[in-house]
Visitor: 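Take this structure, written in structure tokens, and hold onto it; I'll ask about it next.
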Amino acid sequence: MILRRLRVQHFRCFRNPVELSGLGVGIHVVHAPNETGKSSLVLALARALFDRNSTRDREIQNLRPWGTTLSPRVTLELDSGGKRYRLEKAFLDDATSLLDEWTGTRFERLADSQRADEMARGFLFSGGAQAGATKPGQWGLARLLWLGQSAERHVLPGLDTPLKARLMEAVGVAVLSEQEQGVLKRVEDAYRQFFTLKKGKVVTGSELELKAALVASLEEELRGIRAQQEASAEHARDMEEARSALGDLAGERGALEARFSALQARVEAETQLEQQIALRDKDVERQHQEWEHLDGKQRELLALRQNVARHQAVVAEKEPVLQKAREGLIGQEASFRQARELFQAQLGEQEKAEQRQERGRLLEKARQALVEQQRLDGQLKQGERLETAVEGLRRRTAALKTLSESDVKRAEDVERKLRQAQDKLEARGIEVVFKAEGSRSIEWEAEGQVQRHELAKAEQKLFAGVSAGSLRIKGVGEVRVRTGAEEIGNLQADVEKFRKELTRRLHEHGVESPQRLRVEWESQQAVLQEQAKHEGALETFLEAAGFESVEALREKRREQAGKVGTLAGQLNLAVAALATYPTPELVVLSEELRLRKQEVKEREKAKDDAEAVYRQVERQVRGLAQERDSAMQTARELELTMKAQLHALGMSLEQLGAEVERAHGELERLKNMVTGLRARLPRPEERAATQRRQLDEARERVVGAEKKAQERIIRAETLLGRAAEAGVYSRLGEAEERLVLATEEHLQLKTRAEAAEILRKLVGHWQEQVNRTFVAPIQDAVHARLEHIRGDGRNEVLSLGPEFIDAAMETPDGARSLASFSWGMQEQTLFALRLALGEMLSKQGTKPEPQLVVLDDALVNTDAVRHRRALELIEKVGESLQVLILTAFPERYRTLRGMKEFDLRELAQESTPAG
């Protein structure tokens, strides 16, 4: 495809139309500074070729010129397939799409609307977007041949099926027929029936997976039935074992019953002896409790007597110490009273000093308030002076009659129109005069009528106001006149109308001329400016003073005066006396107060020390008294408790000791009797009761074992009955038969799947060979151009994938990703790729045709030497390609021979409407 003309209007920065014309095969350089619309031209071309005119998404909305609602419009003429076309496309509000074909003499309509969009996309093999604006990856051949400034600038363009077929046809690789593609598709479909494309795993839900699952489930079912069969046999064996064990247990239980009968007599004798021992143990326990009770009472009473004696000794010891402490307390009380009186006196001195200091602070505050009042007085005078001036100017402007500049301009405009009408009247009112030299009879034609008149000598005739006529003089000739007087009436009416309107306007404002009206307006403006100046000065003054109005300042001054009066009243002074009233300095008063406070602290410390000593002695006296009283009270209570307990016992302390000895002797006698009875009993393990208990445990064990054996028999019989009802053996045969059938079907599917996998591998191997054949010429062409640009013998070779993905540079150290090289190396590689593909599509294949290669600042990161070599390649391809270069540095391309240059900024300025 070759672009012949491009016109852009209402498109991003192009509000006015900008057009590139005279384009064709060769080199075209469009230059302009940055942000002036170079890339917008490429975008406009792409939007016209690839986007539907009905698209209204955000990317298309952003094409409007900023701040407008204009509809973007693009018109282009192009050659494709040996024919010339014109495409006119508008988006958004005026959305249209018109495709015309050149018939040799003119363009005639070929398609419109959606059909025109589809045919336009077909020029560059673009499939378009399913919805919204197209992305650069959907631009067909343009993404292979255009190197723009989008985000995909440094990304190698990928290939879809139509583009790959077009390139294969160009490099001479046979493109598969529809039948062959159908075979490959069926192979791929057969493989996808069984396996996933990415990981080669079995497809979830496929017939192969279902058959495998069926075989696994049948195997699991067969294992379950076989387990049931084995379980039934196990239950039968268990039942036989339980019946045999039940017979053995019956014999063991009979032997235990015989031994139990033989032990019964011994058990009764031993039981009687144990009962006697139990009664004697109770007698021993009662006697032991009696002895412990009497012994405890004896010990308790002895301890009470010792405590009474101890507390009586404490009382005798504390009495002289208490008397001495009371004498010391009286002396400390006198010292504390004296210290407290001295502290109270010093506290009074401190209060007086604080009052003097507070009066000094109040007087200082009153003086500061008085100074603030005086400052406000000065500000109030200044504000009132400015306010008076502003009010005077306002009254002056209020007395003026309202006059606006528009009134003056309208009066001047009417005067100008009056002068123009008068000038036109003077120009149109042509006067024709005829003066006779002697008496004659003349006739003339005026307004289509012939008139005659006898003229005396020196008589003249005026033909004013006549628009057209002829004057014939006998013996002299004929004079024809055209004066245009038909407009005079209208002009006179205009003059009269403008004169009346001017008079009315001047009368409204009481002046005699527009010049006087302007003088009045200028004087009024001077007064208003002076008023504004004073109002500004007043506003500046109030802002500096921090008030909203003079009234607020006045109110603040009144508040300050009230504050000064209040402070003067608190000091019991007149306001005038505040400034001259003598008072000590606050520093002196503060120092005096500090000394008084220090003395108060010292007196307070002395008082606190004396009080602490007094309280300590007082606590000591109180403690000694409490200790003495407590010991005396405790001794009395303990003595009363001891007497009460002896009275309750009915005996003295000595009699209680004798009773304790008697109870202890009786306890020893009973213990000896119990020991004799215990000696008559056999050892515990030899007793009949122990042997009987062992027999009981053995019998219970045998009975429990019999019950378990019977339960095993019942359970086994039940399970065997269930197995018989379920038909385990018949089900086993059916499951084995179904498993055999399912296994055969699964093996058939597995064989088909393996065959599909092998066939796909063979097809893939063949496609890889085709791709290598297809990619190799492109790699060689790119490498040749890169070698020319680099010129330094470097041997990195571009390696392309079959779909132009996973591009890498083959180096002596192995393959490296293109993205790992410098920006300059990347853009040179992508630049060489565009030129190589463009030349292949233009010269090779069954239908070669020139192609458009777009380079939008494609070599910005290339040094000067390589840039010059790249220009040599551009000059070479300019003979077969259309190369459109957009740059902000036109001087870099000035050496190109035969190139056409377009200054985009000048084109945009030429299209801007004048005025």
Side-chain angles (χ1 to χ4, degrees), residues 1-9 11-12 14 17-32 37-51 72-90 97-102 107 110-111 116-117 119-126 134 136 139-150 166 834-835 837-839 841-843 847-858 874 877-887 893 896 898-904 907-908 911:
M1 186 201 81
I2 296 297
L3 181 65
R4 294 296 181 180
R5 183 171 73 94
L6 175 63
R7 177 184 173 87
V8 179
Q9 184 178 7
F11 194 95
R12 294 177 67 171
F14 299 118
V18 172
E19 181 174 332
L20 298 179
S21 59
L23 307 177
V25 175
I27 304 169
H28 307 77
V29 177
V30 180
H31 61 84
K38 300 186 300 298
S39 298
S40 294
L41 288 178
V42 179
L43 183 61
L45 180 59
R47 293 296 176 217
L49 287 171
F50 307 125
D51 285 314
R73 304 184 67 88
V74 182
T75 302
L76 57 97
E77 294 179 13
L78 56 95
D79 292 349
S80 179
K83 297 180 180 181
R84 176 167 295 187
Y85 301 93
R86 179 176 65 196
L87 177 64
E88 299 180 15
K89 187 170 288 190
S97 181
L98 303 175
L99 181 63
D100 300 333
E101 182 181 3
W102 180 254
F107 281 105
L110 182 62
D117 291 341
M119 294 183 67
R121 289 196 293 270
F123 294 147
L124 291 175
F125 299 89
S126 169
T134 57
W139 287 1
L141 278 178
R143 61 175 167 169
L144 299 180
L145 301 178
W146 298 6
L147 189 57
Q149 291 191 2
S150 64
R166 179 70 179 89
R834 264 68 179 185
L835 294 187
L837 294 176
E839 285 198 281
L841 294 170
S842 299
K843 297 179 180 180
K847 296 180 180 179
E849 64 172 328
Q851 297 294 331
L852 168 63
V853 175
V854 177
L855 304 175
D856 189 357
D857 272 340
I874 294 175
V877 300
E879 300 173 359
S880 57
L881 295 178
Q882 181 184 34
V883 183
L884 183 62
I885 300 173
L886 299 103
T887 180
Y893 299 90
L896 287 172
M899 64 95 171
K900 290 184 179 180
E901 184 176 358
F902 298 88
D903 189 334
L904 184 58
L907 293 176
S911 66

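Hydrogens, waters and symmetry mates are skipped; everything else that's a heavy atom, side chains included, is used. If you read the sequence from its start, that first residue is 1, and numbering goes on from there.
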Visitor: Could you tell me whether the side chain of L41 reaches within less than 4.5 Å of the side chain of L884, counting heavy atoms only?
Guide: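 L884 does not reach L41 side chain to side chain.
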
Visitor: Rounded to the nearest 0.5 Å, what separation is found between the CD1 atom of I874 and the CE atom of M899?
Guide: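 Between atom CD1 of I874 and atom CE of M899 there are 11.0 Å.
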
Visitor: In terms of side-chain geometry, is the basic nitrogen of K89 or D51 positioned less than 4.0 Å from the acidic oxygen of its partner?
Guide: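 Salt bridge absent between K89 and D51.
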
Visitor: Which heavy-atom pair separates M119 from A111 by the least distance, and what is that distance?
Guide: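 Heavy-atom minimum between the residues: SD-CB, 3.8 Å.
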
Visitor: Do side-chain atoms of R47 reach the backbone of T134 as a donor and acceptor pair under 3.5 angstrom?
Guide: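 Yes; at least one donor-acceptor contact below 3.5 Å.
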
Visitor: A side-chain contact here means heavy atoms from C-beta on lying under 4.5 Å apart; do F902 and V18 qualify?
Guide: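 Sidechains of V18 and F902: no contact.
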
Visitor: Side chains of L49 and L78, heavy atoms from C-beta outward: is any pair under 4.5 Å?
Guide: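 They are in side-chain contact.
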
Visitor: Pair V854, R834 - check side-chain contact (heavy atoms from CB on, under 4.5 Å), show working.
Guide: CA-CA 9 Å; V854 177; R834 264 68 179 185; over 6 Å; no

Visitor: Does the side chain of W146 come within less than 4.5 Å of D856's, by heavy atoms?
Guide: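 Answer no - side chains too far apart.
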
Visitor: For the residue pair V8 and A44, what are the closest heavy atoms and their distance?
Guide: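 V8 and A44 have their closest heavy atoms at CG2-CB, 3.8 Å.
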
Visitor: Less than 4.5 Å apart, any side-chain heavy atom of P850 and any of Q882?
Guide: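 P850 does not reach Q882 side chain to side chain.
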
Visitor: Do you know which two heavy atoms are closest between F11 and S40, and how far apart they sit?
Guide: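 Nearest heavy atoms, F11 then S40: CE2-O, 3.5 Å.
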
Visitor: Nearest 0.5 Å please: distance from the CD atom of E879 over to the OG atom of S842.
Guide: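 The OG atom of S842 is 12.0 Å from CD of E879, to the nearest 0.5 Å.
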
Visitor: Using side-chain contact (heavy atoms from CB on, under 4.5 Å), reason through L904 and F14 one step at a time and then give a plain yes or no.
Guide: CA-CA 11 Å; L904 184 58; F14 299 118; 3.9 Å; yes

Visitor: Show the nearest heavy-atom pair for residues L87 and A48, with the distance to one decimal.
Guide: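 That closest heavy-atom pairing would be CD2-O, 3.3 Å.
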
Visitor: For residues D857 and L147, determine if any side-chain heavy atom of one lies less than 4.5 Å from a side-chain heavy atom of the other.
Guide: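 Of all side-chain heavy-atom pairs linking L147 with D857, none is under 4.5 Å.
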
Visitor: Do R4 and E77 sit within salt-bridge range, that is, some charged N less than 4.0 Å from a carboxylate O?
Guide: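 No.
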
Visitor: Could you check if a side-chain atom of R12 sits within less than 4.5 angstrom of a side-chain atom of L43, using non-hydrogen atoms only?
Guide: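 R12 vs L43: side chains touch.
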
Visitor: Which heavy-atom pair separates S21 from E19 by the least distance, and what is that distance?
Guide: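 Shortest heavy-atom contact: CB-OE2, 3.7 Å.
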
Visitor: Starting at CG of L852, measure out to CG of L841 and round the result to the nearest 0.5 Å.
Guide: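 Output value for this atom pair is 12.0 Å.
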
Visitor: Which residue pairs satisfy the side-chain hydrogen bond (donor to acceptor under 3.5 Å, both in side chains) criterion with at least one member in residues 22-32, sequence neighbours excluded?
Guide: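 Sorted result for residues 22-32: H31-E901.
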
Visitor: Do L20 and L907 pass the side-chain contact (heavy atoms from CB on, under 4.5 Å) test, and can you show the C-alpha distance, the side-chain angles, and the key distance before you say yes or no?
Guide: CA-CA 8 Å; L20 298 179; L907 293 176; 3.6 Å; yes

Visitor: Just jot down the side-chain contact (heavy atoms from CB on, under 4.5 Å) partners of L98, sequence neighbours excluded, or say none.
Guide: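 L98 satisfies side-chain contact (heavy atoms from CB on, under 4.5 Å) with E88, R109, D112 once adjacent residues are dropped.
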
Visitor: Is L45 close to V42 at the side-chain level, that is, under 4.5 Å between some pair of heavy atoms?
Guide: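 Not in contact.
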
Visitor: Just jot down the salt bridge (Lys or Arg N to Asp or Glu O under 4.0 Å) partners of E839, sequence neighbours excluded, or say none.
Guide: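 Here the qualifying residues are R785, K843.
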
Visitor: Report the distance from atom CG of L837 to atom CG of L141, rounding to the nearest 0.5 Å.
Guide: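 The CG atom of L141 is 9.0 Å from CG of L837, to the nearest 0.5 Å.
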
Visitor: Considering all heavy atoms of both residues, which atom of Y85 and which atom of S80 are nearest to each other, and what is their separation?
Guide: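 Here Y85 and S80 meet closest at CE1-O, 3.6 Å.
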
Visitor: Which distance, rounded to the nearest 0.5 Å, do you find between the OH of Y893 and the CD1 of I885?
Guide: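 Spacing of OH (Y893) from CD1 (I885) equals 5.5 Å.
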
Visitor: For the backbone of M1 and the side chain of Q851, can you confirm whether one donor and one acceptor N or O come within less than 3.5 Å of each other?
Guide: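 Side chain of Q851 to backbone of M1, a donor-acceptor pair under 3.5 Å: yes, one is there.
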
Visitor: To the nearest 0.5 Å, what is the distance between CD1 on I2 and CZ on F123?
Guide: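 Atom-to-atom, I2:CD1 and F123:CZ are 13.5 Å apart.
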
Visitor: Under the 3.5 angstrom rule, does the side chain of K38 hit a backbone N or O of V30 as a donor-acceptor pair?
Guide: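 Pair absent, no side-chain N/O of K38 close to backbone of V30.
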
Visitor: Should L110 and D100 be marked as a side-chain contact (heavy atoms from CB on, under 4.5 Å) after you check the CA-CA gap, both sets of side-chain angles, and the distance that decides it?
Guide: CA-CA 5 Å; L110 182 62; D100 300 333; 5.8 Å; no

